[in-house]
Amino acid sequence: MNIKANVSLHALNTLALPGQAEFFSRVHNNDELAEALAYAQAHKLKVTVLGGGSNVILASNISGLVIQVATRGIERCEQGDHSKTLHWTAAAGENWHQFVQHTLAEKSYGLENLSLIPGLVGAAPIQNIGAYGLEISDRFVSLQALEISTGKTVRFSKSDCQFGYRESVFKQAAAGQFVVTSVTLALSEQPNVDISYPALAAALSTTSDIRQSSVPEGALSLGSAQISPQQVSEAVCRIREQKLPDPTLQPNAGSFFKNPVISKDRWQQLRGKYPELPGYPQLDGGVKLPAAWLIDQAGWKGAAGQGCSVHREHALVLVNNGGCSGRQLLQLAEDIIVDIERRFGILLAIEPQVLGLRGSL
Ligand code: EPU
């Protein structure tokens, strides 16, 4: 086990925010992880788990032990039944997109809509990653985690995880208590693509990639052409590349705010005032609004804070223009939240996890 003191986390978060870990350990297998957790217990260090750093805001230096999980391994498990369902288990340190591509290459379908989401497998269930009409909870079977206080292995079923929109038990009642070590998902031998998300359907209907040939049996028809999971994956990648800035060029953490869900009555009231306001009905009767639309309407697109700004192409993304601190970025977010509440009466919530103390940089 290798534990270092005062390690810069600048290169380990995609917003490129400054900040140091008081102690830092990169673990390559579950034994090293258990040792690191035992060390933290023995020295009374708070444990912070870092995945790909693509969904975190470093608000300050991090006291205690920061553990980066770098475990690897992807395996196809025994089929549970005869329904053409395939179970795949990936280690927490696997890159999410590479895992998606691996399953597609192995003719296991069902994750194509979640292509190119940044980050690692272990972080995916924490915030129930989702895009283009699909969430990881839709494919979820179980996960394994180590309990931080005891080092014990615990299995979480789908219901244990209490998934919601960008939510799970790991952000609520079990926050800070577990480190995910592996995730098991149920995929299918049978392609069954879902292109109901309007932007995805639009991208596919205009794409030159739709070919009649080499389409697996069961692929969806769109007009006269058929669409394979691989084509859906490629279309998702193209949309994301067009809309979302590349963190290596413009440091960012994807969507900075959650899309708010309001009551149908409230939505109809707002629609009276803003006839263009989009809204997506939810199963619970509420209506989800695109926070990007609200922020865009309020004129924040491209607006600058100190060292950071709202992305010019997508109002939901904040970018670090170089040298910005976590506090400065959170100040820009706060200014947006206050303005959106004043204009629309809607309180936006920050989507990435804030690490460290908000006020202390
Ligand atoms: N819009 C604007 N202005 C903008 C951008 C978008 O008005 O600058 C409006 C448009 O009406 C558009 C709508 O917002 O139709 C929705 O935009 P988009 O399809 O880009 O989706 P989003 O709501 O901004 C969510 C997820 C993304 C996910 C996409 C696609 C959240 C917080 N974000 O974004 O997830 O990729 O849908 O499914 O739910 C992430 O979580 O980091 C992330 C990128």
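Judged purely by distance below 3.5 Å, without hydrogens or angles, the side chains of Q101 and S233 pair a donor atom with an acceptor atom. In this structure, a donor-acceptor pair under 3.5 Å is absent between the side chains of Q269 and D265. Using modelled atom types and a 3.5 Å distance limit, the side chains of R271 and Q268 yield no donor-acceptor pair. A side-chain N or O of D194 and one of S196 form a donor-acceptor pair less than 3.5 Å apart.
Of the possible polar contacts, one joining the S60 side chain to the L357 backbone as a donor-acceptor pair under 3.5 Å is found. Without hydrogens or angle criteria, T71 side chain to G93 main chain gives a donor-acceptor distance under 3.5 Å. No donor-acceptor pair under 3.5 Å is formed between the side chain of N128 and the backbone N or O of S168. Put simply, the side chain of N55 never gets that close to the backbone of G119: no donor and acceptor are under 3.5 Å apart. Remark: the backbone N or O of Q144 is paired with a side-chain donor or acceptor of T181 at under 3.5 angstrom. A donor-acceptor pair under 3.5 Å is absent between the side-chain atoms of K171 and the main chain of Q353, judged by distance alone. Side-chain N or O atoms of E32 include one that pairs as donor or acceptor with a backbone N or O of H28 at under 3.5 Å. When atom types are taken as modelled, the side chain of D160 and the backbone of S157 share a donor-acceptor pair closer than 3.5 angstrom. Without hydrogens or angle criteria, E94 side chain to G73 main chain gives a donor-acceptor distance under 3.5 Å. The backbone N or O of I336 sits nowhere less than 3.5 Å from a side-chain atom of D339 that would complete a donor-acceptor pair.
Residues I350 and F257 form a side-chain contact, since some pair of their non-hydrogen atoms from C-beta on lies under 4.5 Å apart. Inter-residue side-chain proximity for Y274 and L294 is flagged as unmet; no heavy-atom pair is nearer than 4.5 Å. The shortest distance between side-chain heavy atoms of L104 and Y109 falls below 4.5 Å.
For the pair G279 and W267, the tightest heavy-atom approach, listed with the atom from each and the gap, is CA-NE1, 3.6 Å. For the residue pair A333 and F256, the shortest heavy atom distance occurs at CB-CE2, 3.5 Å.
More than 12 heavy atoms of other residues, nucleotides or ligands sit less than 6.0 Å from atom NZ of K301. Heavy atoms from other residues, nucleotides or ligands lying under 6.0 Å from CD of Q282 number more than 12.
One finds the CD1 atom of I126 at 11.5 Å from the CG atom of L120 (value rounded to the nearest 0.5 Å).
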